[in-house]
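Reading through the structure tokens given below for one structure.
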Amino acid sequence: MATQLEPDVHADEEAFRTEVQQFLAAHFTDELKGSANALAGVDGPTDETPAQTKWREAVGERGWGTPTWPKEYGGGGLTKAQAKIVDQEFAKAGAYNPIGGMGVMMFGPTLLEYGSEKQKQEHIPPICRGEIRWCQGYSEPNAGSDLANLQTFAEDKGDHYIVNGQKTWTSGGQWADKCFAIVRTDKSDKHRGISFMLIDMNAPGVEVRPITMISGTSPFCETFFTDVKVPKENLVGEEGQGWTIGKRLLQHERTNISGGGRLASMMGQSLGDIAKKYGETDAQGELADKVLRDRIADFEIRWNSFLLTARRAVEESKAQGGVSEISSVLKKLGTKLSQERSELLIEIRGLQGLGWEGDEFTKGELEAVRGWLFGKATTIYGGSTEIQNNIIAKRVLGMLDHQ
């Protein structure tokens with residue numbers, strides 16, 4: 001006798017679930033378990049094993065790395081229900097999404113909204129297949145929180161622009177193939193003089209200098225443009241529309257670096273399980289330190305509550321046509337919670353949580369210290385907490401500036 005499906009589960013969705021399970025059985029091998037998406041980070045080159053390359057190519061061919069993106073551009077063309085099934089089955093199998101990076105998190109969704117048909121056909125398919133790495137050209141030495149003060153200038157030369165200027169905090173710039181950047185095309189208007197364009201990182205005149213961080217890594221760079229030739233077809237939207245397009249992209253970025261995206265996948269093993277490895281346990285196998293146990297429970301409750309709220313907010317925003325200013329709320333809370341977790345993790349491990357190098361520390365312990373230090377930047381990049389507070393006050397709460 002056939003098992004009766006629950007009323008809210010459609011037979012075609014169950015058939016699709018079987019299809020995903022069969023795909024995973026055929027393509028996600030045991031040697032891939034425990035691997036991560038090389039494209040998702042900004043702290044190293046994308047060195048892949050042959051098995052990882054085959055996995056990326058298989059997922060890219062289906063378009064399941066970008067499941068709800070239009071099929072005509074290389075996406076999966078799936079419904080939200082189908083995309084959820086892909087997420088669920090990947091999680092059950094311990095499989096990671098091999099497609100990612102700034103092309104997926106920020107640039108792709110923005111280009112789908114503002115790009116020309118030619119630009120979509122050229123740039124979206126390689127993103128969906130994980131064949132290209134993008135970086136972001138936004139901040140400058142004198143244009144950080146006041147981003148609209150940027151001075152990198154693109155001079156109109158008829159069929160192309162000549163770009164001169166400097167960007168800083170270019171995440172992964174030394175490994176990127178291309179850069180999406182906001183530049184000045186008109187010096188007479190602070191905001192309407194900004195345009196959004198695409199720059200080849202291998203073009204003559206582009207120089208990248210990695211910045212060493214206190215964590216010991218160099219994920220950020222200074223990027224210099226000296227008489228860089230950029231074709232007119234690399235302008236996204238119209239001249240002067242860059243501030244509008246650039247802000248939209250930031251909403252995607254903030255959603256993804258909050259608990260609505262990237263940080264949720266960074267949490268890993270629960271704090272309670274880690275604490276049991278480093279601290280004493282009672283007869284029931286629970287932490288003997290009741291104060292620490294309460295603190296961990298308090299954090300886990302708040303973190304999981306945030307994740308559920310973030311998921312709901314993101315789904316509601318997408319249902320209304322995309323991301324919104326709620327991304328500032330998610331970014332502010334998610335990054336603060338991630339910093340709190342790192343601090344608590346250091347405390348749980350005691351002296352073993354403060355190692356920088358040496359055989360007496362495990363790889364995980366050393367990575368946690370660097371992660372703790374790197375995490376200090378999360379409440380600054382993508383728009384500082386103070387900037388998010390301003391956006392929340394004005395755009396979410398509807399508060400006006402007092403004269």
Side-chain angles (χ1 to χ4, degrees), residues 15-69 71 73-78 82-108 123-135 171-178 201-202 216-219 256-257 261-270 273 361-368 370-371 374:
F16 180 72
R17 186 181 297 277
T18 300
E19 179 185 345
V20 177
Q21 292 170 345
Q22 292 172 343
F23 172 83
L24 286 164
H27 297 284
F28 191 76
T29 59
D30 289 340
E31 65 181 298
L32 289 169
K33 291 184 178 180
S35 298
N37 180 2
L39 280 173
V42 297
D43 54 355
T46 55
D47 294 331
E48 291 181 322
T49 66
Q52 288 174 325
T53 299
K54 287 182 180 180
W55 171 238
R56 174 175 55 79
E57 290 173 346
V59 175
E61 184 179 357
R62 291 290 186 106
W64 287 356
T66 49
T68 59
W69 290 18
K71 200 172 186 65
Y73 303 127
L78 304 182
Q82 289 174 323
K84 188 173 182 179
I85 289 172
V86 170
D87 287 342
Q88 290 172 341
E89 294 305 318
F90 272 43
K92 288 179 185 177
Y96 67 96
N97 183 348
I99 312 297
M102 294 187 185
V104 173
M105 290 170 56
M106 296 180 267
F107 175 60
H123 298 296
I124 298 297
I127 293 174
C128 294
R129 294 192 297 266
E131 296 174 346
I132 192 168
R133 195 164 185 173
W134 286 85
C135 66
S171 302
Q174 68 269 56
W175 302 295
D177 303 295
K178 295 182 182 294
M201 291 297 285
N202 296 310
T217 60
S218 300
N256 279 285
I257 63 178
R262 178 172 171 265
L263 291 179
S265 64
M266 292 170 58
M267 293 300 106
Q269 190 177 14
S270 74
D273 289 340
F361 300 102
T362 67
K363 180 181 178 182
E365 289 168 348
L366 297 177
E367 289 178 347
R370 285 162 173 76
F374 179 82

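By convention here, the first residue in the shown sequence is residue 1.
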| request: Look at the side chain of Asp177 and the backbone N and O of Ile132, then say whether any donor-acceptor pair between them is shorter than 3.5 Å. | output: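 Between the backbone of Ile132 and the side chain of Asp177 there is no qualifying donor-acceptor contact (under 3.5 Å).
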| query | Counting distance only, does the side-chain N/O of Thr362 pair as donor-acceptor with the main-chain N or O of Glu365 below 3.5 Å? | reply |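 Yes, the answer is positive, given that a donor and an acceptor are paired below the 3.5 Å cut-off.
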Residue pair [X] / [Y]: nearest heavy atoms and the distance that separates them:
X      : Y      : result
Pro219 : Phe374 : CG-CE1, 3.6 Å
Val59  : Gly65  : CG1-N, 3.4 Å
Gly108 : Ile124 : O-CD1, 3.8 Å
Ser218 : Trp175 : O-CH2, 4.2 Å

| Would Arg62 and Glu57 pass as an ion pair if we require N to O under 4.0 Å? |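 Here Arg62 does not pair with Glu57 in a salt bridge, since their nearest N and O are not under 4.0 Å apart.
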| field | Stepwise salt bridge (Lys or Arg N to Asp or Glu O under 4.0 Å) test for Lys92 and Glu89 | value | CA-CA 5 Å; Lys92 288 179 185 177; Glu89 294 305 318; 3.3 Å; yes
Do [X] and [Y] make a side-chain contact, defined as non-hydrogen atoms from C-beta onward lying under 4.5 Å apart?
X     : Y     : value
Lys54 : Phe28 : no
Pro67 : Trp69 : no
Arg56 : Thr53 : yes
Leu32 : Gln52 : yes

| Which word best sums up how the rings of Phe107 and Trp134 line up, parallel for under 30°, tilted for 30 to 60°, or perpendicular for over 60°? |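 Tilted: the ring planes of Phe107 and Trp134 meet at 30° to 60°.
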| request: Apply the test side-chain contact (heavy atoms from CB on, under 4.5 Å) to residues Cys128 and Tyr73: give CA-CA distance (whole Å), side-chain angles for both, the deciding distance (0.1 Å), then the verdict. | output: CA-CA 8 Å; Cys128 294; Tyr73 303 127; 5.6 Å; no
Gap separating the [atom1] atom of [X] from the [atom2] atom of [Y], nearest 0.5 angstrom:
X      : Y      : atom1 : atom2 : result
Gln82  : Asp87  : CD    : CG    : 12.5 Å
Lys178 : Asn202 : NZ    : CG    : 8.0 Å
Glu131 : Ile99  : CD    : CD1   : 8.5 Å
Glu19  : Gln22  : CD    : CD    : 7.5 Å
Met102 : Cys135 : CE    : SG    : 7.0 Å
Thr66  : Ile127 : OG1   : CD1   : 9.0 Å

| Do Trp64 and Phe16 have ring centres separated by under 6.0 Å? |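 Distance test on ring centres: under 6.0 Å, yes.
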| task | Start with the C-alpha distance between Arg17 and Gln88, add both sets of side-chain angles, then the distance that settles side-chain hydrogen bond (donor to acceptor under 3.5 Å, both in side chains), and finish with yes or no. | result | CA-CA 9 Å; Arg17 186 181 297 277; Gln88 290 172 341; 3.0 Å; yes
